[in-house]
Amino acid sequence: MWLGLGVVGVAVAAVMLLHGNGESAKSASGVTTVNVGSGNDGQPFGYLDKDGKPAGMDIALIQAIDKKLPQYKFKLVLSDFPTLITNLKSGKTDMALYQIEKNAEREQDFKFGQVGYTVWDTLLAT
């Protein structure tokens, strides 16, 4: 688990550095706020729990990274998937966590990390 968290931490840091749109806000205290987009309806990755609070693997991950990096404040911006992409393109969010798969169109607009943090098998049946 810790190895996985470390790999994801490096990936998140790389995405933040590579994204470089200048939208992150540095406060007078020296803490940089990073707006992180994630989903609100994709269990188990990002969703709202029964109390309407953010929950899921992606949410827990960014909260754990937030605790480890006091020089940053990661602010969650939850939305559905199409809005997540729009927010990222417009600069409303600085980065996104929500099982976003690479494709040629997205690679033109965004920088992806080199290390994925979810691996799954796809099974097709007829």
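Worth saying up front: this structure is predicted, and the values here are computed from it rather than measured.
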- prompt: Rounded to the nearest 0.5 Å, how far does CD1 of Ile59 lie from CZ of Phe74?
  reply: 13.0 Å
field: Spatial distance of atom CZ (Arg106) from atom CD1 (Ile85) [nearest 0.5 Å]
entry: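 Going from CZ on Arg106 over to CD1 on Ile85, the span is 5.0 Å.
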query: Between the main-chain N or O of Leu97 and the side-chain N or O of Ser38, is there a donor-acceptor pair closer than 3.5 Å?
result: yes
message: Using every non-hydrogen atom in the two residues, find where Pro70 and Val31 come nearest and quote the distance to one decimal.
response: O-CG2, 3.8 Å
message: Minimum heavy-atom separation for Tyr72 and Asp66, please, with both atom names.
response: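 Here Tyr72 and Asp66 meet closest at O-OD1, 3.2 Å.
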Ignoring hydrogens and angles, write down the donor-acceptor pairs under 3.5 Å from the side chains of residues 42-51, residues two or more places apart or on other chains.
| unit_1 | atom_1 | unit_2 | atom_2 | d |
| --- | --- | --- | --- | --- |
| Asp49 | OD1 | Asp51 | N | 2.9 |
| Asp49 | OD1 | Gly52 | N | 3.1 |
| Asp49 | OD1 | Lys53 | N | 2.9 |

field: Sub-4.5 Å side-chain heavy-atom contact between Leu76 and Ile62
entry: yes
By side-chain contact (heavy atoms from CB on, under 4.5 Å) - contacts of Gln71 (at least two apart):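 Counting only residues at least two positions away or on another chain, Gln71 forms a side-chain contact (heavy atoms from CB on, under 4.5 Å) with Leu69.
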- request: For residues 73-89, pull every pair meeting side-chain hydrogen bond (donor to acceptor under 3.5 Å, both in side chains), keeping only residues two or more places apart or in separate chains.
  value: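 Listed once each, the pairs are Asp80-Thr83, Lys89-Asp109.
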task: Decide whether Phe81 and Leu88 are clustered together by the hydrophobic rule: side chain heavy atoms of Ile, Leu, Val, Met, Phe, Trp, Tyr closer than 4.5 Å, transitively.
output: yes
